[in-house]
Q: 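Handing you a structure now.
All values derive from a computational prediction rather than experimental measurement. Residue numbers start at 1 and run along the sequence shown.
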Amino acid sequence: MHFHYARPGRMLLAMVIATPDRNTRKVTQERAHRQRPPLSPQFKPGRFSAKRGGIELRDVVVYVDGRAENTGALEFAAALAFEHGAHLIGVFIQPELALSRAEMFVRGKGIEDVVVAHQGKLGGIEADRRALFEIVARRHGIRAEWRLVPSADSSESAVHARYGDLAMVARQDPGDRQVGLPGLVESLVLTSGRPTIVLPPRCTATPIRRILVGWNAGREATRAVADALPLLVRADAVEILVVDRDGHFAGHGEEPGADVARHLARHGVRVEVRRLSSGGKDAGRLLLSRAAAFRADLIVMGAYGHSHLSEWIFGGVTRTVLREAELPVLISR
């Protein structure tokens with residue numbers, strides 16, 4: 001079962017326009033009937049001209065892995081920054097190089113030589129990643145800057161995301177023996193306070209035109225929808241997916257998904273609602289299956305889980321989607 005929510009029609013019959021007088025600086029009012037005030041010839045109305053500024057991304061943060069191939073992630077981030085006219089921030093997480101068997105038994109002055117050799121290797125890795133980052137940024141003609149974090153375990157990792165509108169990180173390929181950025185996805189989602197797009201391994205720079213929203217009327221889903229608004233308003237099609245509406249969340253109302261769809265439609269989002277039953281199967285895989293059928297370019301969802309002492313553990317749906325999604329996932333908490 002699914003419902004379609006069109007964009008709100010034009011209901012402007014009359015409006016009051018407040019204009020400041022250039023000489024007196026007093027605000028005067030004039031009434032306009034059945035039309036908007038004429039625009040200056042230098043301005044051309046665009047699809048989102050009425051919303052510019054309020055829903056645009058201005059700072060996009062992309063995390064660069066020192067052990068993995070980063071071209072796809074950088075291209076995706078740069079393309080998104082270009083589309084929104086945003087500033088791109090590349091955050092390089094310095095990898096930890098493992099000691100060889102011979103290096104482990106070095107003593108005396110040899111220790112200094114090992115340290116110098118490792119610093120040289122790390123410097124070379126950073127230089128290669130930075131060169132790639134700058135090439136991609138120049139190709140897209142965007143403003144960009146490069147930052148360095150000493151290691152993936154540093155508390156600074158998530159700090160950079162706090163001063164951006166959106167963070168991006170590619171998850172590690174399960175078949176890759178190299179250790180990528182352990183715990184970085186969890187750290188960004190749980191501590192940055194910003195939405196995070198988790199990219200699949202070897203992703204490509206695909207425009208985000210079709211978006212699937214996993215909706216359960218919970219706080220996390222609400223946060224994710226609000227965080228994704230700059231992307232939702234630009235999409236050609238958005239589907240709100242409600243699975244097992246008789247679950248733990250009671251905020252759906254009489255028509256599950258209808259309220260959030262109407263809210264998005266008022267923002268100009270082209271949105272539909274679809275309700276499905278999992279039939280007792282994995283809801284995460286159902287979400288991924290529907291994303292494939294919908295030909296989604298992005299999944300938007302909240303991060304669900306529970307706290308166990310000092311550790312926060314992702315729930316089943318979140319864990320399944322983050323591990324198995326073959327498309328980008330915007331996740332918020």
Q: Less than 4.5 Å apart, any side-chain heavy atom of Val213 and any of Ile211?
A: yes

Q: So, does Arg210 use its side chain to make a donor-acceptor pair with the main chain of Phe294 at under 3.5 Å?
A: yes

Q: With the side chain counted from C-beta on, respond yes when Ile89 and Val62 share a heavy-atom pair under 4.5 Å apart, and no when they do not.
A: no

Q: Tell me the closest heavy-atom pair linking Arg143 and Ala86, and the distance in Å.
A: NH2-C, 3.9 Å

Q: Quick one: do the Arg58 and His87 side chains pair a donor with an acceptor below 3.5 Å?
A: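 On atom types as modelled, these side chains do not qualify, holding no pair under 3.5 Å.
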
Q: Closest heavy-atom contact between Ala77 and Val60?
A: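 For Ala77 versus Val60, the nearest heavy atoms are O-CG1, 4.5 Å.
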
Q: Are Arg274 and Glu272 close enough for a salt bridge, meaning some N to O gap below 4.0 Å?
A: no

Q: Nearest 0.5 Å, what's the CG-NE2 distance between Leu148 and His160?
A: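 One gets 8.0 Å once the value is rounded to the nearest 0.5 Å.
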
Q: Out of Val198, Leu298, Leu232, Ile299, which one pairs with Leu330 under the side-chain contact (heavy atoms from CB on, under 4.5 Å) rule?
A: Leu298

Q: Please report the shortest heavy-atom distance between Ala81 and Ile142, naming the atom on each side.
A: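 Heavy atoms only, the tightest pair is CB-CD1, 4.1 Å.
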
Q: Output yes when a side-chain donor or acceptor of Arg171 lies under 3.5 Å from a complementary backbone atom of Arg323, and no otherwise.
A: yes

Q: Return the CG to CG distance between Leu57 and Leu229, rounded to the nearest 0.5 Å.
A: 10.0 Å

Q: Find out whether Pro256 and Arg275 are in side-chain contact, i.e. whether some heavy atom of one side chain is under 4.5 Å from a heavy atom of the other.
A: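 Side chain of Pro256 against side chain of Arg275, heavy atoms only: contact under 4.5 Å found.
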
Q: What's the separation between atom CG in Asp236 and atom CD1 in Ile208, rounded to the nearest 0.5 Å?
A: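 Asp236 CG to Ile208 CD1: 12.0 Å, rounded to 0.5 Å.
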
Q: Run the numbers on Arg295 and Arg209 for side-chain contact (heavy atoms from CB on, under 4.5 Å), then give the verdict.
A: CA-CA 10 Å; Arg295 305 192 313 279; Arg209 297 292 177 258; over 6 Å; no

Q: Return yes if a side-chain donor-acceptor contact under 3.5 Å exists between Glu134 and Trp146, otherwise no.
A: no

Q: Could you please spell out the steps behind the side-chain contact (heavy atoms from CB on, under 4.5 Å) verdict for Leu88 and Phe133?
A: CA-CA 10 Å; Leu88 182 63; Phe133 175 80; 3.7 Å; yes

Q: Given 3.5 Å as the limit, does a donor-acceptor pair link the side chain of Arg162 with the main chain of Thr191, or not?
A: yes

Q: Is it the case that over 12 heavy atoms from other parts of the model lie below 6.0 angstrom from the CZ atom of Arg139?
A: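 More than 12 within 6.0 Å, yes.
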
Q: With heavy-atom distances below 4.5 Å as the criterion, would you say the side chains of Arg285 and Thr320 are in contact?
A: yes

Q: Could you state the interatomic distance from CG (Leu241) to CE (Met301), rounded to the nearest 0.5 Å?
A: 11.0 Å

Q: Would you sort out whether Leu212 and Arg290 count as a side-chain contact (heavy atoms from CB on, under 4.5 Å), showing the intermediate values?
A: CA-CA 8 Å; Leu212 180 71; Arg290 182 55 203 163; 4.2 Å; yes

Q: Can you see whether Thr206 engages Asp297 through a side-chain donor-acceptor pair at a distance of less than 3.5 angstrom?
A: no

Q: Taking the side chain as every heavy atom from C-beta outward, state whether Phe76 and Leu199 have any pair of such atoms under 4.5 Å apart.
A: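 Yes, at least one pair of side-chain atoms sits under 4.5 Å.
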
Q: Are side-chain heavy atoms of Trp215 and Val260 found at a separation under 4.5 Å?
A: yes

Q: Quick one: are Val273 and Glu239 in side-chain contact, heavy atoms under 4.5 Å?
A: no

Q: Quick check: closest heavy atoms across Ala73 and Ala170, and the distance to 0.1 Å?
A: CB-CB, 4.3 Å

Q: Side chain of His84, backbone of Leu80: donor and acceptor closer than 3.5 Å?
A: no

Q: Would you check if Asn216 and Val243 make a side-chain contact, meaning some heavy-atom pair closer than 4.5 Å?
A: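 Side-chain contact under 4.5 Å: no.
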
Q: Is the side chain of Arg129 donor-acceptor paired with the backbone N or O of Asp65 at a distance under 3.5 Å, no angle test?
A: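 Answer holds: yes.
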
Q: Could you please spell out the steps behind the salt bridge (charged side-chain N to carboxylate O under 4.0 Å, His left out) verdict for Glu326 and Arg202?
A: CA-CA 10 Å; Glu326 297 181 358; Arg202 296 179 297 277; over 6 Å; no

Q: Donor-acceptor pair, Tyr63 side chain versus Ser157 backbone, under 3.5 Å?
A: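 Pair found, side chain donor or acceptor close to backbone of Ser157.
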
Q: Do you know which two heavy atoms are closest between Val189 and Ala303, and how far apart they sit?
A: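 Scanning both residues completely, I find the closest heavy atoms to be CG1-CB, 3.6 Å.
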
Q: Looking at Val321 and Gly284, what are the two nearest heavy atoms and their distance?
A: CG2-O, 4.0 Å

Q: Calculate, to the nearest 0.5 Å, the distance between atoms CG and CG belonging to Leu327 and Leu288 respectively.
A: 7.5 Å

Q: Look up atom CD1 in Ile197 and atom CG in Leu188, then write down how far apart they are to the nearest 0.5 Å.
A: 12.0 Å

